[in-house]
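Notes follow once the structure below has been shown.
Reckoned from all heavy atoms, side chains included, excluding hydrogens, waters and symmetry mates. Note that the numbering runs from 1 along the sequence shown for the chain. Whatever order the structure lists them in is the order used to number ligands and atoms, beginning at 1.
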Amino acid sequence: MIVENKLTDNFDRDFPYLRLSITDVCNFSCSYCLPDGYKKGKCNGFMNKNEILRIVRAFAGLGTWKIRLTGGEPTVRPDFINIANDISKITGIKKLAFTTNGYRLYDNAQKYYDAGLRAINISIDSLNANKFKIITGHDRLNEVLDGVNASINAGFETVKINTVLLKGYNDDELDNLIDFVADKPVSLRFIELMRTGDNQDYFQKHHLSSSLVTEKLLGRGWHSIKREDGAGPAVEFKHKDSAGSIGIIAPYSKDFCKGCNRLRISAKGALHLCLFGELGYSLREYIQNDSQIEDLQNKIRELMSFKRSSHFLHDNNSGATPHLASIGG
Ligand code: SAM
Ligand code: SF4
């Protein structure tokens, strides 16, 4: 599909990738994200399936070809599979991905694949069952690991593990985590802990620079490889003796925002130009019926002029995001 008027910003970046949150609800209580678990507000007001599909059609018409469903925990939505199934059939969408905590993944991996999902990111912050339980509030490490294998067997094109680097929790596990991919065709990505509105003290205590991992990888004979088209911000490393790869996502690194290629939509239908930006621009009034697609696209284009060149994390400014479950991490 040739797209005229592709979505761009004032810094010549274009946006093939949309991270689409479909719920804020989560059944885990990760210590850096929702330490007290999800608290239901007065009115959830999450987008219904038709609203979600209108958003995707509008973005697909503006050149977006990769969609990642996220949350909260996207798979807790009862219509998760229906949503995936319908999005995967939208013209222009070439890759449908999702990020999950791995809950019930072992049972459902094949169903997710059959619904058209082709890329999966599974969060695992520790390979030690006790620490996994302390971090997530759930004694489910083995179940989630079974889910990783089930995803590989189901045929997912990409299986990635997200591991948030946490001083005092998993900094003594780096070698084990690197070895985890030795015989698995998966990419394990170390993500630097990000400061959000709700985790300031936690961040001070547990943030760990990813340079530690880079040094370890280089010392063990790993080398960095080129970024794929439409890929995220991870710097990827390979090793000749490892089936899998290791990625590093370092939002505090210089030039992290230079290659920004994604936008975010919250579960309530607000456009977020940056994970660490404003409160979000509501698109809700533009997704109430199918005839609004052009108005919606014009609105999205207009809002792009507000996208800034970079986040302001270096100034200790994490924007308006209380935690990543509220915007779709
Ligand atoms: N619930 C799903 C999950 O955990 O995979 C999807 C949503 S979660 C917000 C998406 C990703 O963001 C997870 O890999 C999680 O570990 C990561 N994350 C959440 N809060 C974070 C933070 N403050 N810093 C870095 N990563 C964070
Ligand atoms: Fe839930 Fe994901 Fe946040 Fe953990 S990181 S609390 S699984 S939304």
Proximal atoms of ligand 1 relative to Asn101 (non-hydrogen, under 4.0 Å): 2 (C), 3 (C), 5 (O)
Atom 3 (Fe) of ligand 2 reached by Cys33 (N, O or S, under 2.8 Å): yes
Options Glu73, Arg189, Arg195, Arg68, ranked by nearest heavy atom to atom 2 (C) of ligand 1, top entry: Glu73
4.0 Å heavy-atom contact, Gly102 with ligand 1: no
For Asn199, the ligand 1 atoms whose distance to one of its heavy atoms is below 4.0 Å: 23 (N)
Parallel, tilted or perpendicular: rings of Phe28 and His138 (30°, 60°): parallel
Val164 N/O to ligand 1 N/O under 3.5 Å: no
The one among Cys30, Ser123, Ser31, Gly72 that brings a heavy atom closest to atom 4 (Fe) of ligand 2: Cys30
Contacting atoms of ligand 1, where contact means under 4.0 angstrom from a heavy atom of Glu192: 25 (C)
Shortest protein contact, atom 2 (Fe) of ligand 2 (heavy atom only): Cys26 SG, 4.4 Å
Closest non-hydrogen atom pair, Asn27 against Asn101: OD1-ND2, 3.0 Å
Tyr113 six-ring face occupied by Lys111 cation (under 6.0 Å, within 45°): no
Under 3.5 Å: N/O of Thr196 near N/O of ligand 1: no
Worked verdict on Phe98 versus Asn121 for side-chain contact (heavy atoms from CB on, under 4.5 Å): CA-CA 6 Å; Phe98 71 119; Asn121 284 17; over 6 Å; no
N-O pairing of Glu51 and Arg54 below 4.0 Å: no
Check: Lys95 and Arg68 side chains under 4.5 Å, non-hydrogen atoms: no
Ligand-side contact atoms (ligand 2) for residue partner Asn101, heavy atom cut-off under 4.0 Å: 7 (S)
Nitrogen or oxygen of Tyr32 less than 3.5 angstrom from that of ligand 1: yes
Validation row, ring centre His206 to ring centre Tyr169 under 6.0 Å: yes
Leu69-Ile81 co-clustered via ILVMFWY side chain contacts under 4.5 Å: yes
Option nearest atom 11 (C) of ligand 1 (shortest heavy-atom distance, choices Asn162, Thr100, Ile124, Thr75): Asn162
Closest to atom 1 (N) of ligand 1 among Cys30, Gly72, Gly71 (heavy-atom distance): Gly72
salt_bridge(Lys49, Asp79) N-O dist < 4.0 Å: no
Contact atoms of ligand 2, heavy-atom distance to Phe28 under 4.0 Å: 6 (S), 7 (S)
Pair Glu173 + Lys131, salt bridge at N-O below 4.0 Å: yes
For Thr70, atoms of ligand 1 separated by under 4.0 Å from a heavy atom: 6 (C), 7 (C)
